[in-house]
Amino acid sequence: MLKNYLMVFFVSMVPVIELRGAIPIGLGMGLPALPTYLVCVLGNMLPVPFIYLFARKFLIWGYHKPVIGPVCKFFITKGEKGGRKLEEKAGKGLTVALLLFVGIPLPGTGAWTGTLAASILDMKFKDVLVACMGGVLLAGIIMGLASAGLLGAVSGLFAAG
């Protein structure tokens, strides 16, 4: 069982997949919901300080390198685009907007992208941690409910026909 929790923990650390993929995997393996949720939240949050403190510096450093340059350019462009869009829509409510950006499980959103965008926007470290933690908790609840089939059951109540 420890092996399954470790797998879920490490999957939740992977960019793009994050906790959004790790929770359904854990529940699919038969792990209990609450411990799976907690392990996934921890795994998803662990990279956040490192992304905030080092990712931007690494991407700027690698921007003009021959092998990693295209990847660095892609992530800088994606982070800047996401950050500016978020800043434009949010105004002074940037922390809440970041929380929602991280928390609503859609493609291209999540703790990795949100933290990178926040670092490019020079948001305060504390605000980024609070927003990402809230967003990861929200995404975990949404994914847990969706994995349990509860969101489908609720949407069935409102279906026409």
S.K.: Would you say the side chain of Met13 lies within less than 4.5 Å of the side chain of Leu46, judging by non-hydrogen atoms?
M.R.: yes
S.K.: So Phe125 and Pro49, do their side chains get closer than 4.5 Å, heavy atoms only?
M.R.: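 Side-chain contact under 4.5 Å: yes.
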S.K.: Measure the shortest side-chain to side-chain distance between Phe58 and Cys72 over non-hydrogen atoms and say whether it is less than 4.5 angstrom.
M.R.: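 They are in contact (side-chain heavy atoms under 4.5 Å apart), so the answer is yes.
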S.K.: For a side-chain contact (heavy atoms from CB on, under 4.5 Å) with Asn4, tell me which candidate from Ile25, Leu31, Thr36 qualifies.
M.R.: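 By the side-chain contact (heavy atoms from CB on, under 4.5 Å) criterion, Asn4 pairs with just one of Ile25, Leu31, Thr36: Leu31.
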S.K.: With clusters defined by side-chain heavy atoms of hydrophobic residues (ILVMFWY) lying less than 4.5 Å apart, directly or transitively, does Leu53 cluster with Leu98?
M.R.: yes
S.K.: Given 3.5 Å as the limit, does a donor-acceptor pair link the side chain of Tyr5 with the main chain of Gly26, or not?
M.R.: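 Here the side-chain-to-backbone pair does not exist.
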S.K.: Which atoms form the tightest heavy-atom contact between Gly103 and Ile142, and what is the distance?
M.R.: O-CD1, 3.8 Å
S.K.: Give me the atom names and distance for the closest heavy-atom approach of Ala22 to Ile17.
M.R.: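 Smallest heavy-atom distance, with atoms named: N-CG2, 4.4 Å.
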S.K.: Quick one: does any side-chain atom of Thr77 pair with a main-chain N or O of Lys73 as donor and acceptor, under 3.5 Å?
M.R.: yes
S.K.: Please answer whether the main-chain N or O of Trp112 pairs with a side-chain N or O of Thr115 as donor and acceptor at a distance below 3.5 Å.
M.R.: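 Checking the backbone N and O of Trp112 against the side chain of Thr115, no donor-acceptor pair under 3.5 Å is found.
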S.K.: Please confirm whether the backbone N or O of Leu106 pairs with a side-chain atom of Thr109, one donor and one acceptor, at under 3.5 Å?
M.R.: yes
S.K.: Should the heavy atoms of other residues, nucleotides or ligands under 6.0 Å from CZ of Phe75 be counted, would the total exceed 12?
M.R.: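 No, the 6.0 Å shell around CZ holds no more than 12 heavy atoms from other groups.
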S.K.: When you group the ILVMFWY residues by side-chain heavy-atom contacts below 4.5 Å and let the links chain together, are Val102 and Leu145 in the same group?
M.R.: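 Same hydrophobic cluster.
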S.K.: Looking only at heavy atoms, which two atoms of Cys40 and Val8 are closest? And how far apart?
M.R.: SG-CG1, 3.0 Å
S.K.: Tell me whether Leu94 shares a hydrophobic cluster with Val128, the cluster being built from Ile, Leu, Val, Met, Phe, Trp, Tyr side chains joined at under 4.5 Å.
M.R.: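 Per the 4.5 Å side-chain linkage, Leu94 and Val128 are co-clustered.
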S.K.: Please list all pairs meeting side-chain hydrogen bond (donor to acceptor under 3.5 Å, both in side chains) that have one or both residues in residues 56-66, counting only residues at least two apart or in different chains.
M.R.: Arg56-Asp122
S.K.: What pair of heavy atoms forms the shortest contact from Arg20 to Met143, and how long is it?
M.R.: O-CE, 3.1 Å
S.K.: Is it the case that the side chain of Tyr37 and the backbone of Leu137 share a donor-acceptor pair, with hydrogens and angles ignored and the cut-off at 3.5 Å?
M.R.: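 Flag set: sc Tyr37 to bb Leu137 pair under 3.5 Å.
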S.K.: Given Leu59, which partner from the list Ile68, Ile120, Leu116 fulfils the side-chain contact (heavy atoms from CB on, under 4.5 Å) test?
M.R.: Leu116
S.K.: Do the side chain of Glu18 and the main chain of Ala111 share a donor and acceptor less than 3.5 angstrom apart?
M.R.: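 Between the backbone of Ala111 and the side chain of Glu18 there is a qualifying donor-acceptor contact (under 3.5 Å).
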S.K.: What's the spacing between Ile23 CD1 and Ile141 CD1 if we round to 0.5 Å?
M.R.: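 These two atoms lie 9.0 Å from each other.
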S.K.: Can you name the closest pair of heavy atoms from Val41 and Met133 and give their distance?
M.R.: CG1-SD, 4.1 Å
S.K.: Kindly indicate whether the side chain of Leu129, heavy atoms from C-beta on, has any atom under 4.5 Å from the side chain of Tyr52.
M.R.: no
S.K.: Hydrophobic cluster membership, with links at side-chain heavy-atom distances under 4.5 Å among I/L/V/M/F/W/Y: are Val14 and Leu6 in one?
M.R.: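 They do share one cluster, since a chain of ILVMFWY contacts under 4.5 Å joins Val14 to Leu6.
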S.K.: Kindly write out the residues that satisfy side-chain hydrogen bond (donor to acceptor under 3.5 Å, both in side chains) with Thr95, not counting sequence neighbours, or none if the list is empty.
M.R.: none
S.K.: Taking a hydrophobic cluster as the set of Ile, Leu, Val, Met, Phe, Trp and Tyr residues connected by side-chain heavy atoms closer than 4.5 Å, whether directly or through intermediates, do Val11 and Leu19 fall within one such cluster?
M.R.: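 No; tracing contacts between hydrophobic side chains, which count when under 4.5 Å, never links both residues.
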